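The block underneath contains the structure these notes are about, expressed in structure tokens.
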Amino acid sequence: MPAYDFTAPRLFVAADLAAGVNLPLDRAQANYLLNVLRKGPDDPVLVFNGRDGEWRARLVQTGRKSADLQVAERLRVQTPPPDLHYLFAPLKSARLDYLAQKAVEMGAGTIRPVITRFTQGERVNMERLRANAVEAAEQCGILAIPDCPEPERLPRALGSLTAERVLVFCDEDAPVRDPVRALREAADPSAPPPLAVLVGPEGGFSEEERALIRARPNTLAISLGPRILRADTAAVAVLALVQAVLGDGR
């Protein structure tokens with residue numbers, strides 16, 4: 001049998017999970033299963049809550065537009081969230097949706113909006129950001145929902161990082177032209193330290209912000225290549241590099 005059931009839909013729920021638990025679905029979840037996916041009685045559904053692992057449940061239709069899930073058996077035990085922080089300057093809504101989803105897919109355990117001098121918009125719809133994180137986790141088989149703290153100004157966000165956490169600073173002006181080599185030299189891949197990644201806004205960082213970032217101990221400034229990448233593209237590129245060299249992709 002395959003290691004993972006890709007055919008069954010997967011839902012995040014807030015309730016505690018255990019064998020025999022009955023989960024009433026909200027209207028949106030019931031509509032998704034009954035009308036969008038056309039699922040019927042006894043069809044399997046995978047559920048998780050970020051605490052109790054992943055469980056197989058069966059669909060029990062209770063009305064024309066309503067349904068419950070009857071929890072049956074646990075398929076996977078809970079795993080801790082990945083210890084990778086992704087710090088980013090907020091973008092416009094559609095691109096922010098994409099960024100949040102891809103950061104979750106690439107294994108970020110914390111997604112932290114950071115307000116910088118050239119940030120395009122300081123107002124972040126945190127409910128929408130968290131909804132995108134949940135949707136990505138549902139679709140990618142992830143057991144833990146990433147933490148999405150409220151936006152902070154850059155100095156405060158940097159100060160919240162512990163001293164031992166290596167901060168990978170995406171800097172188009174960095175002299176480092178081989179990011180893979182730089183990452184390998186920054187830490188022992190066999191015992192990698194906690195990691196954070198910082199990507200700035202489309203306008204880049206101010207000189208004062210660059211100085212502040214570079215002054216932080218355990219900061220590694222790297223270039224992502226000869227082309228200037230959009231912020232959402234840079235997110236995928238740097239997270240892939242970090243995971244391949246020092247993260248869970250190695």
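The chain is numbered in sequence order, starting from 1. Keep in mind the model is a prediction, meaning the values are calculated, not measured. No hydrogens, no waters, no symmetry mates; every other heavy atom, side chains included, goes into these values.
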ILVMFWY cluster, [X] and [Y] together (side-chain gap under 4.5 Å):
| X | Y | answer |
| --- | --- | --- |
| Val45 | Val71 | yes |
| Val199 | Val166 | yes |
| Val236 | Leu241 | no |
| Ile213 | Leu87 | yes |
| Leu224 | Val197 | yes |

Do any N or O atoms from the side chain of Glu202 and from the backbone of Ala231 form a donor-acceptor pair under 3.5 angstrom?
-> yes
Are any side-chain N or O atoms of Arg56 and backbone N or O atoms of Pro44, one a donor and one an acceptor, separated by less than 3.5 Å?
->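 No; zero donor-acceptor contacts below 3.5 Å.
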Pairs where residues 23-36 contributes a residue and the test salt bridge (charged side-chain N to carboxylate O under 4.0 Å, His left out) is met, not counting sequence neighbours = none
Under 6.0 Å from the CZ atom of Arg214, do we count more than 12 heavy atoms belonging to anything else shown?
-> yes
Give a yes or no on whether Glu127 atom CD has more than 12 heavy-atom contacts from other residues, nucleotides or ligands under 6.0 Å away.
-> no
With rounding to the nearest 0.5 angstrom, report the [atom1] to [atom2] distance, [X] to [Y].
| X | Y | atom1 | atom2 | result |
| --- | --- | --- | --- | --- |
| Thr233 | Ile228 | OG1 | CD1 | 12.0 Å |
| Ser206 | Leu154 | OG | CG | 8.5 Å |
| Phe205 | Asp171 | CZ | CG | 8.5 Å |
| Asn49 | Gln78 | CG | CD | 7.0 Å |
| Leu167 | Leu198 | CG | CG | 5.5 Å |
| Leu161 | His85 | CG | NE2 | 7.0 Å |

Non-hydrogen atoms of [X] and [Y] that approach each other most closely:
| X | Y | result |
| --- | --- | --- |
| Met126 | Pro151 | SD-CD, 3.8 Å |
| Ser66 | Thr62 | OG-OG1, 2.9 Å |
| Leu220 | Ala182 | CD2-O, 3.8 Å |

Donor-acceptor pairs are to be reported for all side-chain atoms of residues 107-118 against protein atoms at under 3.5 Å, with residues two or more places apart or in another chain.
from: Arg112; atom 1: NH1; to: Glu152; atom 2: OE1; distance (Å): 3.1
from: Thr116; atom 1: OG1; to: Thr119; atom 2: N; distance (Å): 3.3
from: Thr116; atom 1: OG1; to: Thr119; atom 2: OG1; distance (Å): 2.8

Extract all donor-acceptor atom pairs below 3.5 Å that involve side chains of residues 11-22 and protein atoms in other chains or at least two apart in sequence.
from: Asp16; atom 1: OD1; to: Arg51; atom 2: NH2; distance (Å): 2.8
from: Asn22; atom 1: ND2; to: Asp68; atom 2: OD2; distance (Å): 3.0

Quick one: side-chain hydrogen bond (donor to acceptor under 3.5 Å, both in side chains) partners of Gln243, sequence neighbours excluded?
->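 Testing Gln243 for side-chain hydrogen bond (donor to acceptor under 3.5 Å, both in side chains), a comparison that skips the adjacent residues, returns Asp248.
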Under 4.5 Å between any side-chain heavy atoms of [X] and [Y], yes or no?
| X | Y | value |
| --- | --- | --- |
| Pro193 | Glu164 | no |
| Arg230 | Arg95 | yes |
| Val180 | Arg184 | yes |
| Arg10 | Glu54 | yes |
| Phe48 | Ile145 | yes |
| Tyr86 | Val242 | no |
| Phe88 | Leu96 | yes |

Which atom pairs, donor and acceptor, lie under 3.5 Å between side-chain atoms of residues 33-42 and protein residues at least two apart or in another chain?
from: Asn35; atom 1: ND2; to: Asn31; atom 2: OD1; distance (Å): 2.7
from: Arg38; atom 1: NE; to: Asn35; atom 2: O; distance (Å): 3.3
from: Asp42; atom 1: OD1; to: Arg58; atom 2: NH1; distance (Å): 2.6

Any ion pair linking Lys102 and Asp232 (charged N to carboxylate O, less than 4.0 Å)?
-> no
Cationic N near anionic O, under 4.0 Å, Arg216 to Glu209 | no
Apply salt bridge (Lys or Arg N to Asp or Glu O under 4.0 Å) to Asp52 and Arg74, showing your working.
-> CA-CA 9 Å; Asp52 301 319; Arg74 184 160 64 181; 6.0 Å; no
Hydrophobic clusters join Ile, Leu, Val, Met, Phe, Trp and Tyr when side-chain heavy atoms are under 4.5 Å apart, directly or via other members; which others share one with Val77?
->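 Once heavy-atom contacts under 4.5 Å are chained together, Val77 still belongs with nothing else.
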